[in-house]
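Working notes, beginning with the structure itself.
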Amino acid sequence: MLTLSLDTSSKTACVGLLKDGENLANITLTGTKFHSESLIDMVDDALKYQDLKIKDMDLIVVGVGPGSFTGLRIALTVAKTFAQTLDIPIVGISSLEAYAYGFKNRDKIVPIIDARRERAFFGMYRTSGDKQIETIIEDRLASFDEIREIIDEDTILVGESAEDLRESLGARFASTTEILPTDLARLGELKYKEEGSDNYFTLIPNYLNVSQAERQWKQK
């Protein structure tokens with residue numbers, strides 16, 4: 001199986017290629033602004049180096065957040081365009097779950113993204129050595145006070161905001177990490193084998209929050 005994965009939920013855009021369980025490409029680009037053309041260029045580079053074309057893909061996996069409002073739409077739009085145009089199955093995966101998947105044999109992994117105003121996007125996951133992952137707390141938006149209540153001495157914070165928030169949240173362990181694109185691809189393959197393809201017409205970002213533009217509109 002050839003699987004392409006995409007994620008733009010954070011400050012780091014990523015593209016991965018997986019073939020029959022083997023990593024073919026992991027490409028990341030960190031910055032403050034991305035657009036669809038940049039992501040398509042990354043996809044083109046990943047495919048070119050392996051002498052592949054987008055039509056060769058058997059599955060497209062996309063991170064659906066939570067995370068950046070603008071960023072989430074970029075990867076999802078590109079992924080859905082590929083899937084619809086070329087009739088390729090598509091699967092959406094929690095970007096937080098992809099962060100957690102890189103940590104094996106841990107009981108309390110909390111991937112976290114700062115949402116400002118003393119709030120954060122987070123979830124809690126448990127992993128085992130045989131590449132299994134279990135959701136303990138579903139992805140959500142919560143205040144720092146609420147998150148402190150679920151953190152204990154065995155909890156490890158992971159993700160782009162982990163080190164920055166460790167002290168504020170009272171966690172002993174934190175690891176600032178990026179999503180490994182091929183981890184996202186593996187999670188997508190697992191979901192696809194169990195549940196089949198998502199519908200590219202109804203697959204949407206997991207915002208978990210209203211955007212600043214929406215808040216300003218409601219205040220008028």
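On a predicted model such as this, the values are computed, not experimentally measured, just so you know.
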Side chains of L6 and V78: closer than 4.5 Å at any heavy-atom pair? yes
So do Y207 and S68 actually touch side chain to side chain, heavy atoms under 4.5 Å? no
Side chain to side chain contact (heavy atoms under 4.5 Å, CB included) assessment of L52 paired with M57: CA-CA 9 Å; L52 295 168; M57 298 300 106; 4.3 Å; yes
Given side chains that start at C-beta, do those of L59 and L4 come closer than 4.5 Å, heavy atoms only? no
Crowding at CD, E22 (>12 non-hydrogen neighbours, <6.0 Å): no
ILVMFWY cluster, I113 and I136 together (side-chain gap under 4.5 Å): no
Taking the side chain as every heavy atom from C-beta outward, state whether M1 and Y192 have any atom pair closer than 4.5 Å. yes
Does the side chain of L184 reach to within under 4.5 Å of the side chain of L180, using non-hydrogen atoms? no
Please check if any side-chain donor atom of E189 sits under 3.5 Å from a side-chain acceptor atom of T3, or the reverse. yes
Take atom CG of D51 as the centre, draw a 6.0 Å sphere, and report whether it contains more than 12 heavy atoms from other residues, nucleotides or ligands. no
Flag side-chain contact, heavy atom, 4.5 Å: K191 against L187: no
If I take atom NZ from residue K80 and atom CG from residue N199, how far apart are they, to the nearest 0.5 angstrom? 8.5 Å
NZ of K55 to CG of L2, rounded to nearest 0.5 Å, is 11.5 Å
Minimum-distance pair of heavy atoms, taken over all atoms of I88 and I54: CD1-O, 3.6 Å
When you compare the side chains of S9 and D7, does any donor N or O come within less than 3.5 Å of an acceptor on the partner? yes
I'd like to know if the side chain of S175 and the backbone of T177 have a donor-acceptor N/O pair within less than 3.5 Å. no
Is it true that D164 and S161 share a donor-acceptor pair across their side chains at a distance under 3.5 Å? no
Could you measure the distance from the CE atom of M42 to the OG1 atom of T8? Nearest 0.5 Å is fine. 9.5 Å
For Y125 and D139, which I'm curious about, is there any donor-acceptor pair between the side chains at under 3.5 Å? yes
Does the salt bridge (Lys or Arg N to Asp or Glu O under 4.0 Å) test come out yes or no for K53 and D56, once each step is laid out? CA-CA 5 Å; K53 299 185 182 301; D56 297 325; over 6 Å; no
ILVMFWY network linking I60 to I27, side-chain heavy atoms under 4.5 angstrom: yes
Check step by step if side chain to side chain contact (heavy atoms under 4.5 Å, CB included) holds for L17 and L47. CA-CA 8 Å; L17 274 178; L47 295 173; 4.0 Å; yes
Nearest-0.5 Å distance, CD of residue E149 to CG of residue L169: 12.0 Å
Please report the C-alpha distance between S95 and I179 in whole Å, then the side-chain angles of each, then the deciding distance to 0.1 Å, and finally whether the side chain to side chain contact (heavy atoms under 4.5 Å, CB included) criterion is met. CA-CA 8 Å; S95 301; I179 291 173; 4.0 Å; yes
Under the 3.5 angstrom rule, does the side chain of D114 hit a backbone N or O of A120 as a donor-acceptor pair? no
For D183 and A98, work out which heavy atoms get closest and say how close. CB-O, 4.4 Å
Work out which heavy atom in L141 is nearest to a heavy atom in A115; give both atom names and the distance. CD1-CB, 3.6 Å
Supply the atom-to-atom distance D41 CG to L29 CG, rounded to the nearest 0.5 angstrom. 10.0 Å
Looking at S128 and N105, what are the two nearest heavy atoms and their distance? C-OD1, 3.4 Å
Heavy-atom check, side chain of F122 versus side chain of R140, under 4.5 Å: yes
Inspect the surroundings of NZ in K104 and state if more than 12 heavy atoms from other residues, nucleotides or ligands are less than 6.0 Å away. yes
What's the spacing between E178 CD and N26 CG if we round to 0.5 Å? 10.5 Å
Contact summary for P181 and C14, nearest pair of heavy atoms: CG-CB, 3.4 Å
Are Y99 and I150 connected, step by step, through hydrophobic side chains (Ile, Leu, Val, Met, Phe, Trp, Tyr) whose heavy atoms are closer than 4.5 Å? no
Let me see the working for F121 and I112 under side chain to side chain contact (heavy atoms under 4.5 Å, CB included), right down to the final yes or no. CA-CA 6 Å; F121 300 115; I112 195 160; over 6 Å; no
Over all atoms of both residues, closest heavy-atom pair of E153 and F173: O-CE1, 3.3 Å
Report yes if the side chains of V158 and F103 come closer than 4.5 Å at any heavy-atom pair, otherwise no. yes
Partners of R126 by side-chain hydrogen bond (donor to acceptor under 3.5 Å, both in side chains), sequence neighbours excluded? E134
Non-neighbouring partners of T127 that pass side-chain contact (heavy atoms from CB on, under 4.5 Å), sequence neighbours left out: R106, I109, I133
